[in-house]
Structure formats: C-alpha cells, structure tokens
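Chain letters run A, B, ... following the sequence lines, proteins first, then strands; residues in each count from 1. Basis for what follows: all heavy atoms, side chains included, without hydrogens, waters or symmetry-related copies.
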There are 2 protein chains.
Amino acid sequence: MSHSCQQHKQQIEEALDIATRICEQHGARLTDVRKRVFELIWVSDQPAKAYGLLTELQKNDPSAKPPTIYRALDFLLELGLIHKLHRLNAYVRCTHPEEKKPCFFLICTNCQVVTESHDQAYKKLIAKISKSRDFKLHATTFEMEGLCQQCV
Amino acid sequence: MSHSCQQHKQQIEEALDIATRICEQHGARLTDVRKRVFELIWVSDQPAKAYGLLTELQKNDPSAKPPTIYRALDFLLELGLIHKLHRLNAYVRCTHPEEKKPCFFLICTNCQVVTESHDQAYKKLIAKISKSRDFKLHATTFEMEGLCQQCV
DNA sequence: TTAATGAATGTTATATTATAACAAAACAAA
DNA sequence: TTTGTTTTGTTATAATATAACATTCATTAA
Ligand SMILES: [Zn+2]
Ligand SMILES: [Zn+2]
Ligand SMILES: [Zn+2]
Ligand SMILES: [Zn+2]
C-alpha cells in the first residue's frame, strides 16, 4: 500500500496544498470525506478501486456507504485531481493537476503499474480530430494496456 | 433499433460473410450464439449493452444467461469483430474488421451517436509511445466524449 | 441573531455490469 | 468409437454504480 517515510509525508502534504488551492480557485469545498478519499488514492501504489476505498474509509467513518465514495470520486474527477481508468474501473491521482494537459495511461497487465503521461503529439491529435469534425470535446480516455519494460 | 430494408439486409449478410472468413482464418467457430450476438450488435443503431443483448437473445433462446452473452462478447472482441466502449460499458460493431488499424471513438453525449475512426497520426502516436518506453502493447482504448456536429 | 437557502452528507434500497465454478453437451480428430 | 477439447448450460455471487429521499451543515440575507 503506502510508505510512511518523511519524504512521502511531505509529498502528500504538498499534494493536499495544491488540491486545496485548486478547490479554492473553483469555489469548491474540500470537505473531510473528499480530503480523505483524495489522500487514500494519493498514497495508494496501485489504482484504487471504489469499494476498496470504501472499506478504508469505513475504518474511520462507519457511516460511509457507496454513495459516500462515489460522490467524493465524482467531485475529485470533476476538478481533475484524480483520473478514472475506464479499462480497470479504478482511480489514480493526477500527476499534474495544475496543468490542463490531456493525459494518457500505460497499464501493465503483469505488474499492475500504471504510468500517466502527456505528450504534445497527443494534444495536437485531439485538437485536430475535434476540429476536423466540429466535435466539442468534453473528456477523453486514452489507455494503453500491455507489458511494461520490467515485465516484457 | 434496426431497419429492415433490403439494403440493410445485404449489409449484414456481407458483414456475416466477413466475420465467417475471419473466424476461419483464425480457426475459430462462429457458433449460433456468437453469430446471433454479432447480428444483434451489428443491427443496433446505438452501442449495445450486455444485458440488453441478453434480453434480445432470450427471446429466441430462453436458456441464455449472463455468461452466455459475456462469452460471446469476449469471443467477438478477441477477433476484433466488435469493440467495447469502456466509458459506456457498451459494445459496437467494428467498421473495418479486416484491417488491423487501431481505432478510436467519438461519443456524443447528447444524441448517443458513436463514430469509429482511424488515423495515421494516431497509429504513429501509439507506435512512438510504445517504442520509446519499451512497452509491449496489447490493447488500447481511445474514446472522446463530447457533442457532435449536430448537437453543438 | 435568526431565518432562509443551497450544498453536502446520511440512509436505504436497488440497478447494472461481470465473473467463478462446475456440469453437460457438442465437436474434432485419431 | 474413443478420446480430448471446446462450447454451452446452470447456479450462484461478485463487483460496480446510482436513485431517491431525509437530514445536517454552511453561507448569507434579513
Ligand atoms: Zn492527469
Ligand atoms: Zn509490468
Ligand atoms: Zn474497429
Ligand atoms: Zn450528437
């Protein structure tokens, strides 16, 4: 799951600062539940599943139910603080929530490691496709599954 | 749902011919259930949902159960005769099952129309990303949600 | 301060999507 | 025909997600 060394504590502190700032910018409230879910996703080494998060949440908050978690996830997704991996039905932190770059994911089916990336060519591709078809883009999913360098 | 004019009948006949050929090439058997599911997806104007297909299937085959449909879907996906839209948990026919081009989808959230496309720049992007990271690619999902030309 | 408002959460129930596990039948090929 | 393999049948359940409505909390207007 998660490490607890000093460096990691600093990293999540920083992530929370950024999340707080982004919420303020959008007039959105980073409530306790939302903050907790954000932390849980943030410290998870692997893509987090909704019901796994729920189980974690329930350790501190017995009243948590599925809607609790899905509402928090929706909120965090909306603000771009996390991403949903649609091929896995799982959630990961965004590595660059302050930049608006469209991102994509490499998913290793062997070791389960997921890498988030962005790429100028990808950004251009999206723009080109949208423009050429008069398509008003709201959201994209780009996920590549296969074997990572370690697992080939 | 589906039209029943002569032209459409010819189209699905042709699609079934192609599917049959592809199955033969892979030493795979296009059984009755599989053929029926393929037809149902093929004639559907909208992305088909698994349990919707199941309901249709059960009209002719009361013994059909969830595994019936998911096995058929897996088979058709494996051969590239259909695609799964992961953002919708729905299935659509492939418009070019004989060509191996990687494809992507434009999904209109207003009228539900889904357009399958392929694009040389997309193919190159995938190749570049995979190569630069020593990633052995097995499958990709690229789905763009927004408003189509009609709905903007 | 209090009342009104809207946002967020609590709660119950249920819908939707998908798979595990094992038995029976159909098929292929020796 | 026997044998091994693939496909299907069957039952049960797992996993993911949302609807609907009540309650609480936070913000602000009176
Ligand atoms: Zn991101
Ligand atoms: Zn790996
Ligand atoms: Zn296709
Ligand atoms: Zn549309």
Going by number, which of residues 59-75 of chain B have a non-hydrogen atom under 4.0 Å from DNA chain D? B:S63, B:K65, B:P67, B:R71
A:T115 and B:R133 side chains, donor-acceptor separation under 3.5 Å: no
Whole angstrom value for the distance that separates P of D:dT18 from CG of A:L77: 11 Å
When you check the gap from the basic side-chain N to the acidic O, do B:E24 and B:R21 get nearer than 4.0 Å? no
Rounded to the nearest angstrom, tell me the gap between atom CG in A:D32 and atom C1' in D:dT24. 14 Å
Calculate the interatomic distance between A:K84 atom NZ and D:dA15 atom C1'; express it in whole Å. 12 Å
Would you tell me if any nitrogen or oxygen in the side chain of B:R29 comes within less than 4.0 Å of OP1 or OP2 on C:dA26? no
If I take atom CG in residue A:L30 and atom P in nucleotide D:dA26, what distance separates them, rounded to the nearest angstrom? 14 Å
Please evaluate the base of D:dA14 for a donor-acceptor partner in the side chain of A:Y51 within a cut-off of under 3.5 Å? no
If we ignore hydrogens and angles and just use 3.5 Å, is the side chain of A:E143 paired with the main-chain N or O of B:T141 as donor and acceptor? no
With sequence neighbours excluded, what pairs up with B:K84 under the side chain to side chain contact (heavy atoms under 4.5 Å, CB included) test? B:L77, B:H86, B:N89, B:Y91
Starting at CG of B:L85 and ending at P of C:dT16, how long is that distance when rounded to a whole Å? 19 Å
Treating A:S44 as the side-chain partner and A:L40 as the backbone partner, does any N or O pair qualify as donor plus acceptor under 3.5 Å? no
Gap between atoms CG and P, on A:L53 and D:dA15 respectively (whole Å): 15 Å
Rounding to an integer number of Å, can you tell me how far A:R34 CZ sits from D:dC25 C1'? 12 Å
Output yes when at least one side-chain N/O atom of A:N89 is less than 4.0 Å from OP1 or OP2 of D:dA15, else no. no
Counting only side-chain N and O atoms of A:K49, is one of them less than 4.0 Å from OP1 or OP2 of D:dA15? no
Round to a whole Å and report the spacing from CZ of A:R36 to P of C:dT9. 15 Å
Run the side-chain contact (heavy atoms from CB on, under 4.5 Å) test on A:K124 and A:Q120 for me, step by step, so that the C-alpha distance in whole Å, both residues' side-chain angles and the decisive distance to 0.1 Å come before the verdict. CA-CA 6 Å; A:K124 282 187 178 173; A:Q120 189 61 21; 4.1 Å; yes
According to ring pair (Phe, Tyr, Trp, His ring centres under 6.0 Å), who are the partners of B:F104, at least two apart in sequence or on a separate chain? B:Y122, B:F142
